[in-house]
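Side chains included, hydrogens not; waters and symmetry mates left out as well; all remaining heavy atoms used. All residue numbers refer to positions in the sequence shown, counting from 1.
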Amino acid sequence: MTITSKSPLVVAFGEMLIDFVPDSAGVSLAESTGFLKAPGGAPANVACAITKLGGNSAFIGKVGDDEFGHMLVDILKKNGVNSEGVCFDAHARTALAFVTLKKNGEREFMFYRNPSADMLLTESELNMGLIKQAKIFHYGSISLISEPCRSAHMAAMKAAKEAGILLSYDPNVRLPLWPSAQAAIDVIKSIWNHADFIKVSDDEVGFLTQGDAEKEDVVLSLWHDNLKLLVVTDGEKGCRYFTKGFKGRVEGFSVQTVDTTGAGDAFVGALLVSIAQDPSIFQDEGKLKEALKYANACGAICTTQKGAIPALPTNSDALDLVNKSKAK
């Protein structure tokens with residue numbers, strides 16, 4: 001993919017936190033003797049994925065006025081992400097997550113948020129000027145769990161919608177953070193019909209529908225008429241796509257997986273770069289398939305290293321993997 005010099009702005013909204021990842025895979029948190037600290041939080045990962053590919057992004061959220069919070073903002077800046085929308089909270093800490101890597105690279109989470117700074121972002125702290133410059137406004141569901149962040153999220157979404165900005169939603173279900181599974185389903189679905197683009201994993205389809213994610217009618221129960229694109233990621237198998245006019249599947253790439261953290265965010269970032277550059281991909285199946293292949297490559301590359309942001313690919317990494325697969 002060729003990325004023009006000043007790609008349109010994608011604003012990502014939500015949480016940024018520190019993931020503590022055991023230094024040896026396949027052990028429980030209790031058994032782990034050491035942890036590596038890795039910057040994380042899905043919306044922040046997406047913002048970094050976009051700039052690493054040569055796109056243009058900003059992040060809006062709140063961190064603690066502590067060493068971890070300042071470190072995270074420095075990481076955004078080092079990655080070329082606009083951080084003007086980040087606030088510091090003097091009274092709450094930056095969120096932490098301890099992540100267990102099982103033998104197959106899959107993860108379990110234990111969160112420290114009581115409450116953490118990201119939950120305390122208020123509507124009055126939103127950088128509305130920055131939001132209104134965006135071509136795409138991207139968010140997850142963790143920012144909907146508690147007030148005042150939930151109201152800030154709703155206000156940001158409303159402002160973006162009114163300004164004619166595309167809304168991108170990746171619910172990113174993290175059940176341990178919700179009061180109950182049913183609360184998660186209800187709240188995640190409460191904003192479902194506002195989005196122009198939704199990306200869900202096969203596991204999330206199963207969770208949100210309580211049905212079989214392999215079945216097309218189950219996936220299509222998540223469709224709504226305002227949607228331009230629904231994408232279901234199927235891990236290493238690739239992804240499925242649904243638009244008003246067409247649907248299909250794009251194969252994934254087989255790589256040596258070490259850690260799946262951030263793979264979905266790398267995928268979303270890549271797809272949002274493509275959409276920001278050329279929104280006609282919603283109507284052009286050929287272009288959409290190219291963009292999804294590129295996004296699959298980005299997701300795959302991200303699983304070959306530990307941590308999310310450090311493992312995010314560059315444009316040339318992604319193109320190399322796509323071209324290698326074509327040569328086979």
Side-chain angles (χ1 to χ4, degrees), residues 8-17 40-48 50 56-66 68-70 72-73 76-77 81-96 111-174 177-179 183-198 226 268 272:
L9 180 66
V10 179
V11 171
F13 171 90
E15 69 285 352
M16 187 172 196
L17 53 119
N45 294 344
V46 168
C48 291
I50 288 167
N56 181 18
S57 72
F59 175 72
I60 291 181
K62 197 174 200 184
V63 292
D65 190 3
D66 50 34
F68 284 150
H70 288 279
L72 290 175
V73 172
L76 289 174
K77 287 178 178 162
V81 176
N82 176 325
S83 61
E84 287 163 29
V86 181
C87 310
F88 291 96
D89 194 306
H91 306 291
R93 294 277 185 222
T94 301
L96 308 179
F111 292 92
Y112 284 70
R113 306 168 84 225
N114 187 28
S116 52
D118 59 290
M119 299 159 74
L120 301 174
L121 181 72
T122 63
E123 189 179 332
S124 63
E125 291 170 313
L126 288 172
N127 186 330
M128 286 297 193
L130 189 58
I131 292 171
K132 286 174 183 162
Q133 291 167 39
K135 180 84 168 265
I136 300 172
F137 182 67
H138 174 75
Y139 47 87
S141 69
I142 289 172
S143 42
L144 295 169
I145 296 173
S146 50
E147 292 292 2
C149 187
R150 180 186 161 88
S151 292
H153 179 136
M154 300 304 283
M157 218 168 70
K158 185 168 181 275
K161 193 81 174 169
E162 284 169 1
I165 294 159
L166 285 170
L167 299 188
S168 160
Y169 186 21
D170 175 358
N172 225 327
V173 178
R174 295 282 176 266
L177 293 176
W178 291 89
I185 292 170
D186 293 345
V187 175
I188 285 168
K189 285 187 160 175
S190 70
I191 62 164
W192 200 258
N193 292 358
H194 297 289
D196 296 288
F197 161 57
I198 295 175
N226 304 327
V268 170
L272 293 182

message: Among F13, F197, F59, Y169, exactly one meets ring pair (Phe, Tyr, Trp, His ring centres under 6.0 Å) together with Y139. Which residue is that?
response: Y169

Under a 3.5 Å distance rule, please check whether [X] uses its side chain to pair with a backbone N or O of [Y] as donor and acceptor.
{"X": "T94", "Y": "G69", "value": "yes"}
{"X": "N226", "Y": "N193", "value": "yes"}
{"X": "D170", "Y": "G140", "value": "no"}
{"X": "S143", "Y": "G14", "value": "no"}

Can you tell me how far apart [atom1] ([X]) and [atom2] ([Y]) are? Round to the nearest 0.5 Å.
{"X": "D186", "Y": "L144", "atom1": "CG", "atom2": "CG", "answer": "12.5 Å"}
{"X": "I185", "Y": "S190", "atom1": "CD1", "atom2": "OG", "answer": "12.5 Å"}
{"X": "L177", "Y": "S146", "atom1": "CG", "atom2": "OG", "answer": "9.0 Å"}
{"X": "E147", "Y": "M119", "atom1": "CD", "atom2": "CE", "answer": "11.0 Å"}
{"X": "I188", "Y": "W178", "atom1": "CD1", "atom2": "CH2", "answer": "5.0 Å"}
{"X": "H138", "Y": "L166", "atom1": "NE2", "atom2": "CG", "answer": "13.0 Å"}

Any side-chain heavy-atom pair from [X] and [Y] closer than 4.5 angstrom?
{"X": "L9", "Y": "L130", "value": "yes"}
{"X": "H153", "Y": "I191", "value": "yes"}
{"X": "M16", "Y": "P43", "value": "no"}
{"X": "L167", "Y": "K161", "value": "yes"}
{"X": "L76", "Y": "C48", "value": "yes"}
{"X": "L126", "Y": "L121", "value": "yes"}
{"X": "R174", "Y": "F111", "value": "yes"}

Heavy-atom pair with the smallest gap, counting every atom of [X] and [Y]:
{"X": "A47", "Y": "V81", "answer": "O-CG2, 3.6 Å"}
{"X": "P171", "Y": "I198", "answer": "CD-CG2, 4.5 Å"}
{"X": "D66", "Y": "A92", "answer": "OD2-O, 4.4 Å"}
{"X": "G40", "Y": "N45", "answer": "CA-OD1, 3.5 Å"}
{"X": "K132", "Y": "A163", "answer": "CG-CB, 4.3 Å"}
{"X": "L120", "Y": "E125", "answer": "O-OE1, 3.7 Å"}

Verdict with supporting geometry, V187 and S141, side chain to side chain contact (heavy atoms under 4.5 Å, CB included): CA-CA 8 Å; V187 175; S141 69; over 6 Å; no

field: Sequence-distant partners of A95, side chain to side chain contact (heavy atoms under 4.5 Å, CB included), two or more places apart
entry: L17, R113, S116, D118

task: Please report the C-alpha distance between R93 and N114 in whole Å, then the side-chain angles of each, then the deciding distance to 0.1 Å, and finally whether the side chain to side chain contact (heavy atoms under 4.5 Å, CB included) criterion is met.
output: CA-CA 9 Å; R93 294 277 185 222; N114 187 28; over 6 Å; no

- prompt: Given the rule in the side chain to side chain contact (heavy atoms under 4.5 Å, CB included) test, do F88 and V63 qualify, once you have shown the distances and angles that lead to the verdict?
  reply: CA-CA 5 Å; F88 291 96; V63 292; 3.6 Å; yes

